[in-house]
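Bear in mind the structure is a predicted one, so any value in this text is a computation, not a measurement.
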Amino acid sequence: MTSPSSAPLTVVVAEDSPLLRDGIVGVLSRFGHEVVAAVGDADALLSAARAHHPDIVVTDVRMPPDHGDDGLRAARVLREDRPDLPILLLSQYIEQSYAAHLLDLGGGSGLGYLLKDRVSAVAEFAEAVARVARGATVMDPEVVRQLLHRRHDPLRRLTPREREVLARMAEGLSNAAIARALHVTEAAVNKHVSSILQKLDLRVDGESHRRVLAVLAYLRA
């Protein structure tokens, strides 16, 4: 089975649980992707990614050798080596500091942060991998929901509907997908996105880059 929105990818997987590691490999293979290495610790992740030059790395945050945020630290090293390498982090629990550190990796594009439970939703997980590989910023919907309950001082100029649209942008959704999720027209979403970018004073050239900056502003609020 191949994802309709993704060409086959080469993937390095790092997860210290053999059962979950095999599950991730199985899901990715089912959708036509090639897992060129599946490893269980951060040191092996660094070696495998440097040897295989994959299209994307999917890695747990916490793993050996120190059983701390070794996966995240390895991801940081890999992005220093190759700033355009897409990275998808997996975590057992929501940790907003992990999301913040992730977004500091090389400008925020081609990055994702998902809960491990998402792997069981195979189609959604495969789609998230494909979107990150294409350069999108993809955050777990549960992380986004928790962030909605925080103060949003830098975003106080946005209307409730604009914040709703920005939250969907943080999940990596396109304008068309946001329109379907909110039951509005795509033209209405386009208008909200333009207003968001203007209110956040994002004048950088390139629509996709400005969308990433808007998401970063939202997640760091």
Side-chain angles (χ1 to χ4, degrees), residues 1-79 81-82 84-95 98-99 101-103 105-106 109-144 170-173:
M1 179 185 299
T2 301
S3 172
S5 61
S6 173
L9 302 167
T10 56
V11 189
V12 167
V13 173
E15 163 60 49
D16 63 331
S17 165
L19 184 62
L20 182 56
R21 185 167 66 241
D22 288 347
I24 294 170
V25 171
V27 169
L28 294 173
S29 299
R30 176 180 171 185
F31 281 83
H33 305 307
E34 179 186 3
V35 178
V36 294
V39 301
D41 63 74
D43 293 337
L45 167 59
L46 290 172
S47 297
R50 287 166 172 165
H52 293 284
H53 305 285
D55 296 318
I56 184 170
V57 165
V58 178
T59 180
D60 189 7
V61 172
R62 302 181 66 85
M63 63 171 59
D66 296 329
H67 297 281
D69 61 348
D70 298 63
L72 177 59
R73 286 187 279 119
R76 182 179 297 278
V77 172
L78 291 174
R79 287 284 284 213
D81 290 348
R82 183 180 153 192
D84 63 343
L85 174 63
I87 303 280
L88 175 59
L89 286 183
L90 300 176
S91 180
Q92 187 69 45
Y93 307 105
I94 295 173
E95 177 53 68
Y98 292 159
H101 287 305
L102 174 71
L103 293 168
L105 301 181
S109 62
L111 297 170
Y113 178 57
L114 295 180
L115 294 178
K116 290 183 179 181
D117 288 347
R118 298 294 169 201
V119 178
S120 62
V122 294
E124 293 178 14
F125 175 68
E127 178 61 24
V129 171
R131 292 207 309 268
V132 172
R134 294 196 299 268
T137 301
V138 177
M139 305 300 293
D140 194 284
E142 187 58 34
V143 176
V144 174
E171 293 178 21
L173 299 185

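- Note: E34 CD to L28 CG = 11.5 Å, rounded to the nearest 0.5 Å.
- Atom CG of L20 and atom NZ of K116 lie 5.5 Å apart (nearest 0.5 Å).
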Worksheet entry | Pair R50-D81, side chain to side chain contact (heavy atoms under 4.5 Å, CB included): steps then yes or no | CA-CA 9 Å; R50 287 166 172 165; D81 290 348; 2.8 Å; yes
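- The side-chain heavy atoms of D55 and V11, taken from C-beta on, include no pair separated by under 4.5 Å.
- Between R76 and D69, every side-chain heavy-atom pair lies at or beyond the 4.5 Å cut-off.
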For a quick test of your reading: what N or O donor-acceptor pairs under 3.5 Å do the side chains of residues 40-48 make, sequence neighbours left out?
from	atom 1	to	atom 2	distance (Å)
D41	OD1	D43	N	3.0
D41	OD1	A44	N	2.8
S47	OG	D43	O	3.3

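- In this structure, CZ in R131 is found 10.5 Å from OG1 in T137, a value given to the nearest 0.5 Å.
- The two residues E15 and M63 come nearest to each other via the heavy atoms N-CE, 4.1 Å.
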Item to complete: Verify side chain to side chain contact (heavy atoms under 4.5 Å, CB included) between L89 and T59, making sure each step is shown before the conclusion.
Response: CA-CA 5 Å; L89 286 183; T59 180; 3.4 Å; yes
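- Considering every non-hydrogen atom in both L115 and D140, the closest pair reads N-OD2, 2.9 Å.
- Considering only heavy atoms from C-beta on, D66 comes within 4.5 Å of R73 through its side chain.
- Proximity of P65 to D70: side-chain heavy atoms (C-beta onward) are separated by under 4.5 Å at one or more points.
- In this structure, L9 and A133 approach most closely via the heavy-atom pair CD1-CB, 3.6 Å.
- Between R21 and D60, none of the side-chain N atoms (NZ, or NE/NH1/NH2) sits under 4.0 Å from a carboxylate O, so this pair counts as no salt bridge.
- Of all the heavy atoms in R82 and H53, the pair that sits closest is NH1-C, 3.6 Å.
- Not one N or O on the side chain of R62 forms a donor-acceptor pair closer than 3.5 Å with the backbone of S91.
- Put simply, the side chain of L111 does not reach to within 4.5 Å of the side chain of V132, judged on heavy atoms.
- Atom CD of E124 has 12 or fewer neighbouring heavy atoms from other residues, nucleotides or ligands inside a 6.0 Å radius.
- Contact between A38 and V25 at its shortest, heavy atoms only, is CB-CG2, 3.8 Å.
- Using a 4.5 Å heavy-atom cutoff, the side chains of F125 and L88 are in contact.
- When atom types are taken as modelled, the side chain of S29 and the backbone of G26 share no donor-acceptor pair closer than 3.5 angstrom.
- Taking each heavy atom of F31 and V122 in turn, the nearest pair found is CE1-O, 3.9 Å.
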